[in-house]
Amino acid sequence: MSFSTFFVKSYGCQMNIYDSQKIISILENKGMKQNEYAEDADLIVFNTCNIRDKAAHKLYSDIGRINKFKKEKTIAVVGCVAQAENVEMFNKNKSIDIILGPQSYHLLPQMIEDIKRNPKQINTEFIVNEKFDYLTEQKRKQGISSYITIQEGCDKFCSFCVVPYTRGPEYSRPLKSLIHEINSLAENGAKEIVLLGQNVNAYSHSHNGRKINLADLIEEISKNENIKRIRYTTSHPINMTDDLINLHSTNKKLMPFLHLPVQSGSSEVLKKMNRKYDINFYIKIIEKLKTINPQIEISSDFIIGYPGESEQDFKKTLDLVDQIKFTQSYSFIYSSRPGTKSSFENDETPPNIKKERLFILQEKLKEIQLKFNKSFCGKNIDVLIENQSISNPEYFFGRTPFMQSVYIKSQEIKPGEVKNVNISTCNHKNLYASC
Ligand code: SAH
Ligand code: SF4
Ligand code: F3S
């Protein structure tokens, strides 16, 4: 079988999407062409996510669907499900040809060659630095707002989470190669850099005998004049060091918006989750941030229905939301993941109660978000213009410093500009403006 076209689908987090971009450039550098539909491609790459049951199941239903339409094809399952389920996947679904863990994407071109001789290919080793050395050299198409992985893996072992098993131990990329990649993104038009990591604020690397942490790295990136905005995600509360907190006041390129997942408002639940902080510790960080920069807004992730979560515990989560007023958040019902510590715990809360709690929480979050968005109506705000609508060139899309999506009708703006626009209307998801 010859490979001239490929299709890539991402199922996961921002890092998963970033990895897919890298995979696309690897395959393009090999002379292959990306197709919009799996049905038209010789090689189908599913870049999987294992964080919740649903994400993992989706993969198998997608493979079933593609099998109906297409006989001649090669299926590569890469990413976190590949890492977690490993060689088992070949038994589960006969049409899978390649299994590749998240630390070995750079081996994909070789595997495509080898598959001609050996029809089943697998690699799930943790060889992170080799991966990054190789991937840094790949030319990458990115936009006005560009993502870059600076740290990967996790040593925290929250009781519910698969990431330490799928992404391996914490690893931070060297400063030099990051600055090289960021400068090249800036030369290609990037105005905003979003630093990615499963525990991005655990970033730590020795450079010329000195320990560099996330705050140092942000200061270094700020020196590039073409970079106007810097963000980082996802942070863990226990790695919010004082220098990083203070940077939110002193570094004007660092946006006043922080995604700091709390998971639950109950210290009892946090303890069971092995989150390593209690709720007072979390609240103190937010207080410090708001003291040094009153503008700062916070978003979070929540897990509802963790084994043993009582009505009282849930109420504490609602109280926290009322107190912090998170302006954007993700919330999920707890999903038991094979191999994690919490998968052995008794989970007695009935599914309908969990659904009801999730609904109540999400309604509250939505209400706060709408109120926050409404507070911008009739006011001016800086928006970094990210792109122009292809079908309707009068419309532009951008983001405020607080990550709100803004749709702007205009004849005169260009992607890449930071434009001060007047907000006319909004809903809980978007702001609207014209200029
Ligand atoms: N490192 C980040 C989160 C990475 S995973 C942190 O520690 O905050 C992204 C989010 O998925 C988590 O914040 C959590 O809310 C959710 N999540 C992880 N495992 C889950 C599970 N087993 N069930 C439901 N949600 C889960
Ligand atoms: Fe998962 Fe916890 Fe690590 Fe976040 S800190 S990736 S939730 S184990
Ligand atoms: Fe999913 Fe792996 Fe990201 S499990 S959330 S794709 S790190």
Side-chain angles (χ1 to χ4, degrees), residues 12-18 51 145 147-158 160-161 163-164 167 169-173 178 192-205 211-222 229-251 253-265 270 273-293 295-303 320-321 324-332 399 401-403:
C13 59
Q14 279 163 328
M15 194 175 292
N16 179 278
I17 295 167
Y18 170 88
I51 202 89
S145 175
Y147 290 81
I148 175 166
T149 295
I150 64 161
Q151 178 278 338
E152 205 172 329
C154 181
D155 297 335
K156 304 242 174 359
F157 290 91
C158 299
F160 52 81
C161 182
V163 171
R167 293 273 169 169
E170 281 175 11
Y171 168 82
S172 296
R173 290 179 61 192
L178 291 174
E192 175 176 270
I193 296 292
V194 185
L195 305 172
L196 293 183
Q198 267 94 25
N199 277 284
V200 73
N201 55 346
Y203 178 86
S204 169
H205 203 274
K211 268 239 171 314
I212 303 286
N213 66 11
L214 180 61
D216 303 320
L217 175 64
I218 292 171
E219 288 283 67
E220 201 56 39
I221 298 168
S222 306
R229 291 180 169 189
I230 301 171
R231 302 180 188 274
Y232 59 94
T233 193
T234 297
S235 297
H236 192 288
I238 64 163
N239 296 116
M240 283 309 295
T241 53
D242 281 342
D243 54 351
L244 183 58
I245 292 174
N246 288 332
L247 213 58
H248 280 277
S249 138
T250 55
N251 185 315
K253 292 188 179 181
L254 189 56
M255 290 295 101
F257 178 79
L258 179 65
H259 184 59
L260 193 64
V262 65
Q263 311 299 353
S264 168
L270 291 173
M273 287 178 165
N274 191 29
R275 286 293 288 182
K276 303 175 174 55
Y277 54 85
D278 62 15
I279 209 60
N280 291 331
F281 181 90
Y282 183 86
I283 291 169
K284 273 212 183 88
I285 295 172
I286 309 294
E287 281 172 357
K288 273 193 200 170
L289 280 161
K290 295 215 170 189
T291 307
I292 58 112
N293 183 353
Q295 255 207 320
I296 285 205
E297 298 297 341
I298 310 294
S299 77
S300 177
D301 294 345
F302 297 92
I303 293 181
L320 183 79
V321 172
I324 308 287
K325 304 228 164 6
F326 301 94
T327 59
Q328 274 179 38
S329 287
Y330 300 95
S331 38
F332 318 92
R399 284 187 192 275
F402 312 104
M403 276 302 268

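Atoms considered below: every heavy atom in the structure, side chains included; atoms not considered: hydrogens, waters and symmetry mates. What you see is a predicted model; the values in this text were computed from it and never measured.
- When all heavy atoms of Ser235 and Met240 are compared, the closest pair comes out as CB-SD, 4.2 Å.
- Using a 4.5 Å heavy-atom threshold, the side chains of Pro261 and Arg275 count as touching.
- Ile285 places a side-chain heavy atom less than 4.5 Å from the side chain of Leu289.
- Within the 4.5 Å cutoff, the side chain of Ile193 has heavy atoms near those of the Ile148 side chain.
- Between the OG atom of Ser264 and the CG atom of Leu270 there is a distance of 5.0 Å, given to the nearest 0.5 Å.
- The CD atom of Glu192 sits 8.0 Å away from atom CZ of Arg399, with the distance rounded to the nearest 0.5 Å.
- Taking each heavy atom of Ser222 and Asn251 in turn, the nearest pair found is OG-ND2, 2.8 Å.
- For the pair Tyr18/Leu196, a side-chain contact is recorded, criterion being any heavy-atom separation below 4.5 Å from C-beta on.
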Between Cys154 and Arg167, does a side-chain contact (heavy atoms from CB on, under 4.5 Å) hold up when you go through it step by step? CA-CA 7 Å; Cys154 181; Arg167 293 273 169 169; over 6 Å; no
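- Using cut-offs of 30° and 60° for the angle between ring planes, the His248 and Tyr232 rings count as tilted.
- Of the possible donor and acceptor atoms, one in the side chain of Gln151 sits under 3.5 Å from a partner among the backbone N and O of Gln198.
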Lys276 vs Phe281, side-chain contact (heavy atoms from CB on, under 4.5 Å): CA-CA, chis, key distance, verdict: CA-CA 10 Å; Lys276 303 175 174 55; Phe281 181 90; over 6 Å; no
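- Closest of all the heavy-atom pairs between His236 and Asn199 is CB-OD1, 3.2 Å.
- Heavy-atom neighbours of Phe157 CZ from other residues, nucleotides or ligands within 6.0 Å: above the threshold of 12.
- Between atom CD1 of residue Ile245 and atom CG of residue Leu258 there is a gap of 9.0 Å, rounded to the nearest 0.5 Å.
- Ile279 and Gly265 get closest at one heavy-atom pair: CG1-O, 3.5 Å.
- Within the 4.5 Å cutoff, no side-chain heavy atoms of Leu195 are placed close to those of Leu178.
- The main-chain N or O of Leu260 is found under 3.5 Å from a side-chain atom of Tyr282 such that the two form a donor-acceptor pair.
- The salt bridge (Lys or Arg N to Asp or Glu O under 4.0 Å) test applied to Glu170 returns Lys156, not counting sequence neighbours.
- In terms of heavy-atom proximity, Ala215 sits nearest to Leu247 at O-CD2, 3.6 Å.
- Applying the salt bridge (Lys or Arg N to Asp or Glu O under 4.0 Å) definition to pairs two or more places apart or across chains, none involves residues 253-262.
- The distance from atom CD1 of Ile324 to atom CD1 of Ile283, rounded to the nearest 0.5 Å, is 5.5 Å.
- Here the CG atom belonging to Asn213 is positioned 13.0 Å from the NE2 atom belonging to His205, to the nearest 0.5 angstrom.
- In this structure, NE2 in His259 is found 6.5 Å from OH in Tyr330, a value given to the nearest 0.5 Å.
- Glu219 meets the salt bridge (Lys or Arg N to Asp or Glu O under 4.0 Å) test with no other residue; sequence neighbours excluded.
- The closest side-chain heavy-atom distance from Thr327 to Phe402 is not below 4.5 Å.
- A donor-acceptor distance shorter than 3.5 angstrom exists from the side chain of Tyr203 to the backbone of Arg173, with no hydrogens or angles considered.
- Scanning both residues, Pro401 and Arg231, for their nearest heavy atoms gives O-NH1, 3.0 Å.
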Steps toward side-chain contact (heavy atoms from CB on, under 4.5 Å) verdict (Ile17, Tyr147): CA-CA 9 Å; Ile17 295 167; Tyr147 290 81; over 6 Å; no
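- Between the side chain of Ser300 and the main chain of Val262, a donor-acceptor pair closer than 3.5 Å is present.
- Scanning for ring-ring contact (aromatic ring centres under 6.0 Å, His included) contacts around Phe326 gives Phe302, with sequence neighbours left out.
- Counting heavy atoms from C-beta outward, Ser329 and Ile298 have side chains that stay 4.5 Å or more apart.
- Within the 4.5 Å cutoff, the side chain of Thr241 has no heavy atoms near those of the Asn201 side chain.
- Applying the salt bridge (Lys or Arg N to Asp or Glu O under 4.0 Å) definition to pairs two or more places apart or across chains, those involving residues 277-289 are Asp242-Lys288.
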I'd like to know whether Asn239 forms a side-chain contact (heavy atoms from CB on, under 4.5 Å) with Leu244, so could you lay out the CA-CA distance, the side-chain angles of the two residues, the decisive distance to 0.1 Å, and finally the verdict. CA-CA 9 Å; Asn239 296 116; Leu244 183 58; over 6 Å; no
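- Legend: residues meeting salt bridge (Lys or Arg N to Asp or Glu O under 4.0 Å) with Arg229, ordered by chain and number and at least two apart, are absent.
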